[in-house]
Amino acid sequence: MDDLLIRNATLLDGSGAEPVVGDLAVRAGRIHSIGASLPVTARRVIDAEGLALMPGIIDSHTHFDAQITWDPYVRPSPALGVTTAVIGNCGFTIAPCRPQDREQTMRNLTQVEGMSLEVLRQGIRWGFETFAEYLAQLRAGGSAVNLAAYVGHSSVRTWVLGDDASKREATADEISQMAAIVREAMAAGAVGLASSTSPAHNGEGGVPMPSRLASDAEHLALVQAMGQAGGGVYMVTKGGQMPVALLEDMSARSGRPVMIAALLHNPMNPQAVFKDLDAITAANQRGRTLIGQVSCCPLTLDFTLASPYPVEGLVSWKPALGVHGEALKAVLADTAFRNAVRAELAAPAVFRLFNAEWDKVHVVEVAEARHRSLEQRSIAEIAAARGHDPLDVMLDLAVAEDLRTTFVAQLLNSDEAAVGKMLNHPHSIVSLSDAGAHLTFFSDAGFGLHLLGHWVRERGAMRLPEAVRRLTSQSALLFGMPRRGLLREGYAADLLLFDPATVGRGPKRRVHDLPGGAPRLTTDALGVHGVWVNGTQVADGNGLLGNAPLAGELMTRFAA
Ligand SMILES: [Zn+2]
């Protein structure tokens with residue numbers, strides 16, 4: 001007998017094919033049959049007339065590596081239609097990790113994950129040292145979604161170089177030790193190798209993430225080690241200094257696909273991202289598989305000056321990194337510091353997260369009642385009204401409020417004409433949710449619902465079957481995930497039932513459910529009627545089913 005029958009649904013099968021109305025039956029976690037009018041004998045029958053049924057969303061860019069050790073439901077993703085998460089992006093992993101490196105690994109993560117050291121200390125369950133042991137812990141702990149895990153360059157580097165990992169290049173001997181660990185991790189079931197060369201990626205106190213210290217030779221050696229057994233995807237969040245040509249070379253020498261993040265549109269340098277995409281196209285024409293990770297969400301960050309992620313990548317911000325409280329306030333009030341920041345912002349840059357677009361920086365929430373009239377106003381507007389410099393306005397307000405003022409900055413990817421082109425590019429993948437990271441800054445875990453609602457329905461920038469393909473089978477094929485990403489008989493019953501007329505993501509809101517009650521940003525689903533992972537329902541119209549069995553599969557075997 002079938003466990004579940006979904007009748008009269010508009011079936012979007014994930015291949016990009018036109019939808020058909022039909023029934024889909026699930027048995028023992030798999031899609032058992034698909035047809036015009038299947039016998040109504042299942043244990044549970046849902047009449048889905050007017051609703052659409054698609055394969056569950058595969059989120060190819062998450063950072064759940066730490067969170068999953070205390071939250072196997074990887075909130076908020078399952079309620080937002082995600083049934084498979086790829087973890088370890090950018091190489092921000094917690095395995096392999098020796099006990100003596102745990103503290104430094106958490107310190108590295110605080111900044112990039114947007115979680116305090118206290119949250120990570122209370123939250124992470126350290127029952128492993130090697131990557132294989134980490135996978136064993138994940139398997140034993142279970143998860144609400146299917147998982148594929150990258151082995152992370154920064155963790156591998158810390159394992160071999162210890163405290164020197166964020167300080168210097170590696171020796172030839174150290175590179176071969178790292179390569180051996182990457183080979184072991186691939187044998188244990190890693191989906192690939194992930195790294196970052198982005199100047200925006202810093203640990204506590206502005207210390208660069210370890211992979212940023214790697215030479216080109218080190219990157220190449222590790223990618224070749226990854227590909228040696230004939231599998232693996234190499235993913236890298238590249239800094240402006242890392243040319244696509246170098247990544248094409250790595251793909252050629254390893255014979256493996258390369259995923260390139262983070263291709264975001266920068267209004268101050270609007271052609272840069274298209275130059276990268278052109279180079280990616282050219283590489284594909286030469287027979288390589290290069291894919292650009294693009295985002296369908298504007299990069300909008302909430303921040304306080306106590307931990308201002310948008311500006312921390314500025315060279316001139318260095319004096320403010322690693323200092324706290326009164327000392328930090330003194331730096332922020334210093335005229336020489338402010339002048340240096342202004343000078344840097346006035347100079348052109350290839351890639352810069354924050355570009356002094358003060359009309360796109362708003363005061364969200366003040367700490368003191370006397371400043372309430374400033375809420376919801378842009379820094380540009382306040383500065384113009386007062387005849388002051390905008391940087392001074394923002395920093396003076398923050399310092400006066402003990403750095404408790406919350407600002408929001410719309411940084412990148414807000415030019416919808418440009419972003420629409422990027423989403424439709426033949427060699428891009430809709431990704432970059434960063435779910436599990438930057439938790440106090442933004443939450444794009446609902447990116448898939450945003451693609452379906454905003455880009456398909458509201459803007460008409462993409463057709464629904466193509467959007468579904470880009471959220472499902474495109475990733476499954478790239479990563480070689482067996483029997484996922486399509487509605488096909490015998491495939492895993494990873495399903496998203498939704499209403500195309502209302503699907504989307506709700507407004508962001510702050511919740512306090514991290515270890516120790518620390519806050520994070522989240523969004524709710526709109527128009528979602530049900531989410532199933534391997535046939536087990538994990539969410540309904542009201543969100544996550546908190547007591548759902550953990551039915552996700554930890555994937556360790558991938559088709560080449
Ligand atoms: Zn990332």
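As the structure lists them, so they are numbered: ligands from 1, and atoms in each ligand from 1.
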Open item on the list: Regarding Asp276 and Lys238, does a basic nitrogen lie under 4.0 Å from an acidic carboxylate oxygen?
Closed with: yes

Open item on the list: With a 4.5 Å cut-off on side-chain heavy atoms, are Phe274 and Lys421 touching?
Closed with: yes

Task: Arg98 side chain vs Glu129 backbone, donor-acceptor pair below 3.5 Å - done: no

- [ ] With sequence neighbours excluded, tell me which residues meet side-chain hydrogen bond (donor to acceptor under 3.5 Å, both in side chains) with Ser196.
- [x] His201

Open item on the list: Per the salt bridge (charged side-chain N to carboxylate O under 4.0 Å, His left out) rule, what does the pair list look like for residues 208-218, sequence neighbours excluded?
Closed with: Arg157-Glu218

Open item on the list: According to ring-ring contact (aromatic ring centres under 6.0 Å, His included), who are the partners of His265, at least two apart in sequence or on a separate chain?
Closed with: none

- [ ] Sort by chain and number the protein N/O/S atoms found under 2.8 Å from the Zn ion (ligand 1).
- [x] His61 NE2, His63 NE2, Cys90 SG, Asp434 OD1

